[in-house]
Undergrad: 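Structure incoming, see below.
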Amino acid sequence: MLDDYFRHYGLITIFALIAVAIPVGMLLVSTSLSIIGIRPNKPDVVKKSIYECGFETLSKRWSGFNSRFYAIALVFVVFDVEVVFLFPWASEFGYMSSKFGAFVLIEMVVFVAILVVGWLYAYRKGDLEWT
Amino acid sequence: MMEIEILRSGFDFLGIYGFFDGFMPDNLDWLVFLITSVILAMVIINALVISTALLTWFERRMLGRFQSRLGPNRWGPFGLLQPIADLVKLLTKEDTIPEGADKPVFTLAPIVFLVPALIVFAVIPLHGSSFLGRLNIGLIFVIAITSVNTLAIFMAGWSSLNKYAMFGAMRAVAMLVSYEIPMGISVVGVAIAAQTLGLSNVVLAQDIPFILVMPLGFLVFITAASAEMSRTPFDLIESDSELGAGYHTEYSGAKFALLQLTEFMAPVIVAALVTTLFLSGWRGYGPIPGPVWFIIKTFVVLFGFVWIRASWPRLRVDQIMSLAWKGLLPLSIVNLFVIAVEVFIFNPGEAGLSTRDLLIMTGINWSITIIALIVIFNVMGQSKLKRPEPVALPLANMYANTTVSKKATDLAEAD
């Protein structure tokens, strides 16, 4: 028997390889169907044009970009990093709090409170509004 | 013959491993491992794809029933072969790529979309002695893997050079990213109560299912998860009436089939996750074996998703964003610290929370849940979310701000 660590991640690697093989295989089947002539493949100008309610395409793809997407992305990054830090704390919280007492809890309360203050600031500034 | 032997040994990594290890020489351990993992991965992934196909049939039949019609019933008994007919049709359709599209990214997007959905089941325990659930970072793995779909949706939207696809993809990224936060924080509550990140141990810690112990966490998780899979109350990503079809407007043929497969696979995965995290997984009562309990619970959750889809209209984009940032985020943080304070007070140490502790937590958490929900409803209820009064542009309607009324006689005079 191999080491447990390698067995777990080896299994996940093989899962990943097979998971990649399935969609790739499906696209290959589709391509080979078109080669042997079961699936039609006759592109023309109208078929290859971009769908826009029957119009010809009027403007470029990056026609505009609202800044509120940027604000949401910034708030997301802050809170996502918070979640990353919460996970290891959470799994050890039961053991640690019986050893070190209230310190373990208060430490995380302070950490989250700082972020909640930031969240309140963004709320008051109206960055979470979407109108 | 061989299959029966494998089934008898308990369909599990260790069972299959032991079976092959019995007659292979000792120096070929890596080959035994390879055979075992490939068999296990093939079986689980195929089971997942087949159950997804059955879900599409089930969902269409149930939606038909909800809307007093029959649903697909022609092909096979009760229409059961409908998914196969769909697949054959989609595979034999022409696969067009629009002019000027980013071809490699356009082709890669469905693959990137599907792969994470298939890998998630590598860590979900289906029965008590499961090897799969014992990965010590199972929870983080699931959260990390499932968030890759944001990237795939943006790849699909960006590469197809279509404005509708691009708008759909941008909305999708904003929404998926917003709902990831409450989902992650509500799962942290589970990790605190179970004192572990491995999914098998999470199930073992649930002497009382966590849906009763932390109803607030369950509500936040299931709301955020149904937003993550962008199903009906939250389906503004592909709102047909506004955006064509959102990020997959330009897709057709086999690639469209892959995108749809993943979209229907998401409920299966979320239902399995909800079962593991909140409904005590494979644990059950009576002589019914664990995997059967797991499937029953998953099916109940899936039926709930179909029911929600059948009965709820789509939310507006501003309602969706404020639900994530003003509603679910504070609720999930409240849930997190209530659980943390309770675990701190009970101080379980190495032993884990006892059933008595869990019962007391259940009582406290239900009252806190009700209070928190009432407060949130009052803070962000309908009165605070009024749609802004539409202001007519002067050129949009020249009769808007005047007292002139347009009568049939006016038209006659104009002639």
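Every chain is numbered from 1 and lettered A, B, ... according to where its sequence line falls, protein lines coming before strand lines.
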Undergrad: Taking atom OH of A/Tyr95 as the centre, report whether more than 12 heavy atoms of other residues, nucleotides or ligands fall under 6.0 Å from it.
TA: yes
Undergrad: For B/Gln195, is it the side chain, the backbone, both, or neither that has a heavy atom closer than 4.5 Å to a heavy atom of chain A?
TA: both
Undergrad: Heavy-atom distance under 4.5 Å between the side chains of B/Phe337 and A/Val112, does that happen here?
TA: yes
Undergrad: For B/Ile137, is it the side chain, the backbone, both or neither that has a heavy atom under 4.5 Å from a heavy atom of chain A?
TA: side chain
Undergrad: Can you tell which part of B/Ile333 gets under 4.5 Å to a heavy atom of chain A, answering side chain, backbone, both or neither?
TA: side chain
Undergrad: Can you check whether B/Phe344 reaches A/Phe93 side chain to side chain, under 4.5 Å on heavy atoms?
TA: yes
Undergrad: Are A/Pro23 and B/Phe113 side-chain neighbours, meaning at least one heavy-atom pair lies under 4.5 Å?
TA: no
Undergrad: How long is the span from the OH atom in A/Tyr123 to the CG atom in B/Leu329, to the nearest 0.5 Å?
TA: 11.0 Å
Undergrad: What are the two closest non-hydrogen atoms of B/Gly184 and A/Phe87, and how far apart are they?
TA: O-CZ, 4.0 Å
Undergrad: Which pair of non-hydrogen atoms, one from B/Val343 and one from A/Gly94, has the smallest distance, and what is that distance?
TA: CG1-CA, 4.3 Å
Undergrad: Considering only heavy atoms, which portion of B/Ser252 lies under 4.5 Å from any heavy atom of chain A: side chain, backbone, both, or neither?
TA: neither
Undergrad: Can you see which heavy atom on A/Ile72 is nearest to which on B/Met321, and at what distance?
TA: CD1-CE, 4.0 Å
Undergrad: Side chain, backbone, both or neither: which part of B/Thr92 has a non-hydrogen atom closer than 4.5 Å to chain A?
TA: both
Undergrad: Any side-chain heavy atom of A/Val83 sitting closer than 4.5 Å to one from B/Ile185?
TA: yes
Undergrad: Do A/Met26 and B/Leu87 have side chains that approach each other closer than 4.5 Å (heavy atoms only, starting at C-beta)?
TA: yes
Undergrad: If you round to the nearest 0.5 Å, how far is CD1 of B/Ile181 from CG of A/Asp80?
TA: 4.5 Å
Undergrad: Does the side chain of B/Ile44 come within less than 4.5 Å of A/Phe15's, by heavy atoms?
TA: yes
Undergrad: Decide yes or no for B/Phe33 and A/Ile14: does some side-chain heavy atom of the first lie under 4.5 Å from some side-chain heavy atom of the second?
TA: yes
Undergrad: Which bit of B/Ile143 comes within less than 4.5 Å of chain A, counting heavy atoms only: side chain, backbone, both or neither?
TA: side chain
Undergrad: Is it the backbone or the side chain of B/Lys255 that comes under 4.5 Å from a heavy atom of chain A, or both, or neither?
TA: both
Undergrad: Please name the pair of heavy atoms, one in B/Val38 and one in A/Ile18, separated by the smallest distance, quoted to 0.1 Å.
TA: O-CD1, 4.0 Å
Undergrad: Looking at side-chain heavy atoms only, is the closest gap between A/Leu27 and B/Leu258 below 4.5 Å?
TA: yes
Undergrad: Would you give the length of the straight line joining atom OG of A/Ser30 to atom CG of B/Asp95, rounded to the nearest 0.5 angstrom?
TA: 5.0 Å
Undergrad: Looking at A/Arg39 and B/Leu91, what are the two nearest heavy atoms and their distance?
TA: CD-O, 3.4 Å
Undergrad: Checking heavy atoms, do the side chain of B/Leu336, its backbone, both or neither come under 4.5 Å from chain A?
TA: side chain
Undergrad: How close do B/Lys326 and A/Trp119 get, counting heavy atoms only, and between which atoms?
TA: CA-CZ2, 4.2 Å
